[in-house]
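Just so it is clear, the structure is predicted and the values come from calculations on it, not from any experiment. Atoms within each ligand, like the ligands themselves, are counted from 1 in listed order.
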Amino acid sequence: MTAPRLDIDLDAIASNTRTLVDRLVPAGIRVTGVSKAVRGLPAVAEAMLRGGASGLGDSRVENLERLRRGGVALPLTLIRSPMLGQVDRAIRVSDTSLNTEPVVLDALSAASLRNGSTHAVVLMVELGDLREGIAAEDVVAAAQSVERRPGLTLAGLGTNLACHSGVVPDQRKMDELSRLVDAVEAVCGATLSVVSGGNSANLDWALASDDVGRIDELRLGESILLGTEPLNRRPIDGLRSDAFTLVGEVIEAKTKPAQPWGEIAQASFGHRPPRRRSGTIRQAIVALGRQDADPDGLVPPPGITILGMSSDHLIVDVGDHDVSVGDELSFGLDYSALMRAATSPFVTTSIRR
Ligand SMILES: *Cc1c(COP(=O)(O)O)cnc(C)c1O
């Protein structure tokens, strides 16, 4: 097998999806599986569908096209507002997109007519996190304007919190979204089929709330893939955290002084914290770099300590482990490290079914 590689356990992903889907069913909430952290890898998407996800979403048109090429036939949602130059591709590959801008809606409408299809629009509402969203007071007018555009249908409303500013999706925020849904329905006269409450950060609220109001869908990536919730990065009870492992090969293993010597200035990625130990250590270099993963998000095997990472070298203190050149070392990943590994052209994927 080649390294570096991302080992993926599809059963863990299917099982995490199933657990979340089953826990959300009583609240009437469906799960859209979000595949952007694995660059729309079709096998991962299929595992999400096997686990009961009702649809898939990705932030990039390219990733949605990869899912379609991989044979995924279920509804796809583009969860980032399309770039104007991509509206035709967006219309062809996705059934639904999340939107906030009139000029984009105009372009989607025109592209829809060119394609001879209709495209469903979910309008995103700004509830305080200050990423994408229409101001609450403008939502009803925006909804009416979607319905006036040929080739578009209004599927519903959505919001996204805890991404840019860490604003918590709590009962008040979700009640506000529900009230806006009622207001839009009162004016438009139709029932909205999608009320998309948010991402994995919404799980704490959704699983504890005794009144989820109108929220009927969540877009879940991190919780399904890594078994963690993003508000405090804690493991979610009953979910597996071992779906992904990054494997690298040792290219140097030597006993070296624990402390560098000479006059110390910046290292290649800024100042390195001083090493705490004196004497010598067993040090290994793994052929993994910042081009492949985020060093802050790597979890080394027990007894091994990460000392630093440059573009192409991961330096570890292997402690008492007997590590030789050619050996492989396996690392756990957080969301940031996973995303970097899955998008690095140097990292291959190896899938366990
Ligand atoms: C990435 C993203 C999600 C999924 O977020 P997770 O925290 O990985 O569950 C949901 N919605 C939007 C708009 C996103 O960009």
Exercise for review: Determine whether the side chain, the backbone, both or neither of Ser59 has a heavy atom under 4.0 Å from any heavy atom of ligand 1.
Suggested key: neither
Exercise for review: Work out which heavy atom in Val38 is nearest to a heavy atom in Arg66; give both atom names and the distance.
Suggested key: O-NH1, 3.8 Å
Exercise for review: Flag yes if more than 12 heavy atoms outside Asp322 fall under 6.0 Å of its CG atom; otherwise flag no.
Suggested key: no
Practice item. Check the hydrophobic clustering (I, L, V, M, F, W, Y; side-chain heavy atoms under 4.5 Å; chains of links allowed) and say if Val61 and Leu41 are grouped together. Key: yes
Exercise for review: Provide the closest heavy-atom pair for Ser330 versus Thr245 in the form atom of the first, atom of the second, distance.
Suggested key: CB-CG2, 3.5 Å
Practice item. Taking all non-hydrogen atoms of both residues into account, name the closest pair between Gly319 and Arg282 and its distance. Key: O-CB, 4.0 Å
Point to revise | Taking atom 5 (O) of ligand 1 as the reference point, the nearest protein heavy atom with its distance | key: Asn199 CB, 3.3 Å
Check your understanding: Counting only heavy atoms not in Arg290, do more than 12 sit closer than 6.0 Å to its CZ atom?
Key -> yes
**Study point:** Considering all heavy atoms, the nearest Ile13-Ile8 contact
**Key:** CD1-CG2, 3.8 Å
Point to revise | Enumerated ligand 1 atoms positioned under 4.0 Å from heavy atoms of Asn160 | key: 11 (N), 12 (C), 13 (C)
Point to revise | Test of proximity, Glu132 against ligand 1: N or O pairs below 3.5 Å | key: no
Practice item. Give the residue, atom name and distance (to 0.1 Å) of the protein heavy atom nearest atom 9 (O) of ligand 1. Key: Ser200 OG, 2.5 Å
Point to revise | Proximal atoms of ligand 1 relative to Glu222 (non-hydrogen, under 4.0 Å) | key: 6 (P), 8 (O), 9 (O)
**Study point:** Within-shell test, Arg80 vs ligand 1, heavy atom, strictly < 4.0 Å
**Key:** no
Point to revise | Element-labelled atoms of ligand 1 that are located less than 4.0 Å from some non-hydrogen atom of Lys36 | key: 1 (C), 2 (C), 3 (C), 14 (C), 15 (O)
Practice item. Consider every N or O of Ser223 and every N or O of ligand 1, then say whether any pair is closer than 3.5 Å. Key: no
Practice item. Considering only NZ, NE, NH1 and NH2 on the basic side and carboxylate oxygens on the acidic side, decide whether Asp88 and Arg114 come within less than 4.0 Å. Key: yes
Review point. Please walk me through it: do Val181 and Ile215 pass side chain to side chain contact (heavy atoms under 4.5 Å, CB included)?
Key: CA-CA 9 Å; Val181 172; Ile215 312 306; over 6 Å; no
Review point. Hey, does Arg131 come in under 3.5 Å of ligand 1, counting only N/O atoms on both sides?
Key: yes
Review point. So, is Gly221 polar-close to ligand 1, with some N/O to N/O distance under 3.5 Å?
Key: yes
Check your understanding: For ligand 1, which atoms have a heavy atom of Leu220 less than 4.0 angstrom away?
Key -> 9 (O)
**Study point:** Nearest neighbour in protein (non-hydrogen) for atom 11 (N) of ligand 1
**Key:** Arg219 NE, 2.8 Å
